[in-house]
Structures are given as structure tokens and as C-alpha cells.
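Accompanying notes for the structure given below.
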Amino acid sequence: MQNTSQEYDAVIATCKSLFIKKMSDYGSAWRILRLPSLTDQIFIKAQRIRSLQQNKVQKVDEGQESEFIGIINYCIMALIQIEKGVVAQPDLSTEEATALYETKIDTTKTLMEAKNHDYGEAWRDMRVSSLTDLILQKLLRVKQIEDNQGKTLVSEGIDANYQDIINYAVFAMIHLSENA
């Protein structure tokens with residue numbers, strides 16, 4: 001029997017470990033990034049994944065997994081930026097950033113569990129390439145909302161889209177680990 005909650009936690013543990021190591025190397029330099037810049041970073045990673053899935057030749061020795069980790073971590077950074085705002089200088093210690101990371105992922109996991117219950121774990125029957133396409137679609141939606149200065153008429157906001165992207169990326173990583 002598959003345990004989505006434990007698999008989810010294992011993926012996030014890998015992502016969080018890298019986040020903390022990069023905080024040690026670079027501090028919270030990412031705090032200066034505006035949301036569109038973070039969205040573009042996530043978009044680049046998703047485009048690379050799609051390229052890896054479509055192309056026979058890979059010229060950089062980093063696979064889909066590292067890009068999905070980047071997507072997850074950049075989305076969490078974006079969720080933190082939505083809450084705290086952009087700053088001119090790095091302002092978070094590793095401990096503060098890690099606490100915010102954990103808060104954002106707890107909220108996102110709770111959303112996943114609710115949706116996963118309602119959808120009956122449908123993601124397990126999806127292809128990684130479909131999850132990648134859904135991430136790209138969500139990013140295009142985020143870009144449009146950003147272009148509209150954050151205003152929507154009937155749609156979820158930017159934060160909900162980032163949360164969905166995190167959850168799709170986690171699902172993709174679970175699939176990749178099962179097929180490794």
C-alpha cells in the first residue's frame with residue numbers, strides 16, 4: 001500500500017535539506033527577488049524538464065529530479081515573498097527561513113491531502129510529462145495574474161497556483177523515484 005503522506009515528506013526532506021545548504025552558502029539573497037522573477041525561474045526549470053522529456057540528447061548532467069527540487073524550493077520562496085514582501089537586502093537567518101519554509105510546506109501539504117482525498121489519488125495514474133505540462137500551465141496562469149497586478153475575477157490567486165505547482169512537482173518526484 002502506497003503512503004502518499006510519507007512519500008511526500010521524503011521528497012520535501014530532500015528539498016528542504018538542499019534549501020538549508022543553499023541558505024548556508026548564499027544566505028537569503030533570494031529575498032530581493034520580485035514574484036515575476038521567481039515565476040520566471042520556476043518557468044525555466046519546468047521548460048528544461050519538458051525539454052529533457054522530449055529530447056534524446058542531454059548536454060547538462062542534471063536530470064529532472066534536480067529541476068523538480070528547484071521548482072519546489074522556488075515556489076516556497078515565492079510563497080514566503082507573498083507573505084513577507086520583497087526586501088532590498090537579505091534579511092532572514094537560516095533558522096528564520098527554515099521556519100517559514102516549514103510553515104509554507106505544512107499549509108501546502110494540507111491542501112494536497114484534501115485534494116488527494118477528493119480526487120482519489122488520480123495523480124498516481126498520470127504521467128510525469130502530464131504533471132510537467134500542468135506545472136507549465138499553472139505558471140502561464142501565474143504570469144497572467146501578475147500581468148493583471150494580482151487581480152482575478154473568478155480564479156484562485158497566485159499563492160494557490162504556487163501550492164498546486166509544489167504538489168505536482170512532489171507527485172512527479174514520487175513517480176520518478178518509483179521508476180528509478
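What you see below is based on every heavy atom in this structure, not just the backbone, and it leaves out hydrogens, waters and symmetry mates.
Side-chain contact between Asp164 and Thr108 is absent, with no heavy-atom pair separated by less than 4.5 Å. A 4.5 Å side-chain heavy-atom check between Ile71 and Tyr168 finds every atom pair outside the cut-off. Residues Leu92 and Lys84 form a side-chain contact, since some pair of their non-hydrogen atoms from C-beta on lies under 4.5 Å apart. Put simply, the side chain of Thr4 reaches to within 4.5 Å of the side chain of Arg124, judged on heavy atoms. The shortest side-chain heavy-atom distance between Val11 and Phe171 does not fall under the 4.5 Å cut-off. Between Lys16 and Glu102, some side-chain heavy-atom pair lies under the 4.5 Å cut-off. Looking at Asn116 and Glu113, their side chains never come closer than 4.5 Å, going by heavy atoms from C-beta outward. When side chains are defined from C-beta on, Leu33 does not count as touching Met77, because their heavy atoms never get closer than 4.5 Å.
Below 30°, between 30° and 60°, or above 60°: for Tyr101 and Phe19 the angle between ring planes is between 30° and 60°, a tilted geometry.
Judged by distance alone, with hydrogens and angles left aside, the side-chain atoms of Ser28 form a donor-acceptor pair with the main-chain N or O of Asp91 at under 3.5 Å. Ser177 places a side-chain N or O within donor-acceptor distance of the main-chain N or O of Ile174, the cut-off being under 3.5 Å. Proximity of a side-chain donor or acceptor of His175 to a complementary backbone N or O of Trp123 within less than 3.5 Å is detected. At least one donor-acceptor pair under 3.5 Å links the side chain of Thr98 to the backbone N or O of Thr94.
Heavy-atom minimum distance, Met23 versus Trp30: SD-NE1, 3.3 Å. The two atoms that bring Ala78 and Leu35 nearest to each other are O-CD2, 3.6 Å, heavy atoms only. Considering every non-hydrogen atom in both Leu52 and Gly63, the closest pair reads CD1-C, 3.9 Å. The nearest pair of heavy atoms linking Leu136 to Ala46 is CD2-CB, 3.5 Å. Closest of all the heavy-atom pairs between Ala169 and Ile135 is N-CD1, 3.9 Å. In this structure, Val86 and Ile32 approach most closely via the heavy-atom pair CG1-O, 3.3 Å.
Atoms CG and CD, from Asn161 and Gln137 in turn, are 9.0 Å apart once rounded to the nearest 0.5 Å. With rounding to the nearest 0.5 Å, the separation of CD in Gln144 from CG in Asp147 is 5.5 Å. Atom-to-atom distance recorded for Ile165:CD1 and Leu139:CG is 4.0 Å, nearest 0.5 angstrom. Note: Ile158 CD1 to Ile145 CD1 = 5.5 Å, rounded to the nearest 0.5 Å. In this structure, the separation between CD1 on Ile44 and CD on Glu67 is 10.0 Å, given to the nearest 0.5 Å. In this structure, the separation between CD on Gln64 and OG on Ser129 is 9.0 Å, given to the nearest 0.5 Å.
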Walk me through whether Glu156 and Arg141 qualify under salt bridge (charged side-chain N to carboxylate O under 4.0 Å, His left out). CA-CA 10 Å; Glu156 298 174 314; Arg141 290 177 179 183; 5.8 Å; no
Can Glu146 and Lys143 be said to form a salt bridge (charged side-chain N to carboxylate O under 4.0 Å, His left out), step by step? CA-CA 5 Å; Glu146 289 169 347; Lys143 285 181 171 201; over 6 Å; no
Derivation of the side chain to side chain contact (heavy atoms under 4.5 Å, CB included) call for Phe68 and Leu176: CA-CA 10 Å; Phe68 280 119; Leu176 291 170; 3.9 Å; yes
Run Lys104 and Glu83 through side chain to side chain contact (heavy atoms under 4.5 Å, CB included) and show every step you take. CA-CA 10 Å; Lys104 297 303 175 192; Glu83 176 184 328; 2.5 Å; yes
Take Asn3 and Tyr8, measure what side-chain hydrogen bond (donor to acceptor under 3.5 Å, both in side chains) needs, and give me the verdict at the end. CA-CA 9 Å; Asn3 187 331; Tyr8 191 100; over 6 Å; no
Could you go through Tyr162 and Thr39, starting from their C-alpha distance and side-chain angles, then the distance that decides it, and tell me whether this counts as side-chain hydrogen bond (donor to acceptor under 3.5 Å, both in side chains)? CA-CA 9 Å; Tyr162 283 133; Thr39 301; 2.6 Å; yes
Determine, step by step, whether Ile69 and Met173 satisfy the side chain to side chain contact (heavy atoms under 4.5 Å, CB included) criterion, reporting the C-alpha distance in whole Å, the side-chain angles of both residues, the deciding distance to 0.1 Å, and the verdict. CA-CA 8 Å; Ile69 291 169; Met173 288 195 56; 3.7 Å; yes
For Met112 and Val170, run side chain to side chain contact (heavy atoms under 4.5 Å, CB included): C-alpha distance rounded to whole Å, both residues' side-chain angles, the deciding distance at 0.1 Å, then the answer. CA-CA 10 Å; Met112 178 279 296; Val170 170; over 6 Å; no
Go through the steps for Thr132 and Gln53 under the test side-chain hydrogen bond (donor to acceptor under 3.5 Å, both in side chains), then give the verdict. CA-CA 9 Å; Thr132 302; Gln53 292 168 348; 2.9 Å; yes
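The side chain to side chain contact (heavy atoms under 4.5 Å, CB included) test applied to Asp9 returns Ser5, Lys109, not counting sequence neighbours. For Asp133, the salt bridge (Lys or Arg N to Asp or Glu O under 4.0 Å) partners at least two apart in sequence or on another chain are Arg50. Scanning for ring-ring contact (aromatic ring centres under 6.0 Å, His included) contacts around Phe43 gives an empty result, with sequence neighbours left out.
When the shell of 6.0 Å around CD of Gln54 is examined, it contains more than 12 heavy atoms from other residues, nucleotides or ligands.
In terms of hydrophobic clustering, with Ile, Leu, Val, Met, Phe, Trp and Tyr side chains grouped at heavy-atom distances under 4.5 Å, Ile72 and Leu111 are assigned to different clusters. Residues Leu140 and Leu38 share a hydrophobic cluster, clusters being chains of Ile/Leu/Val/Met/Phe/Trp/Tyr side chains in contact below 4.5 Å.
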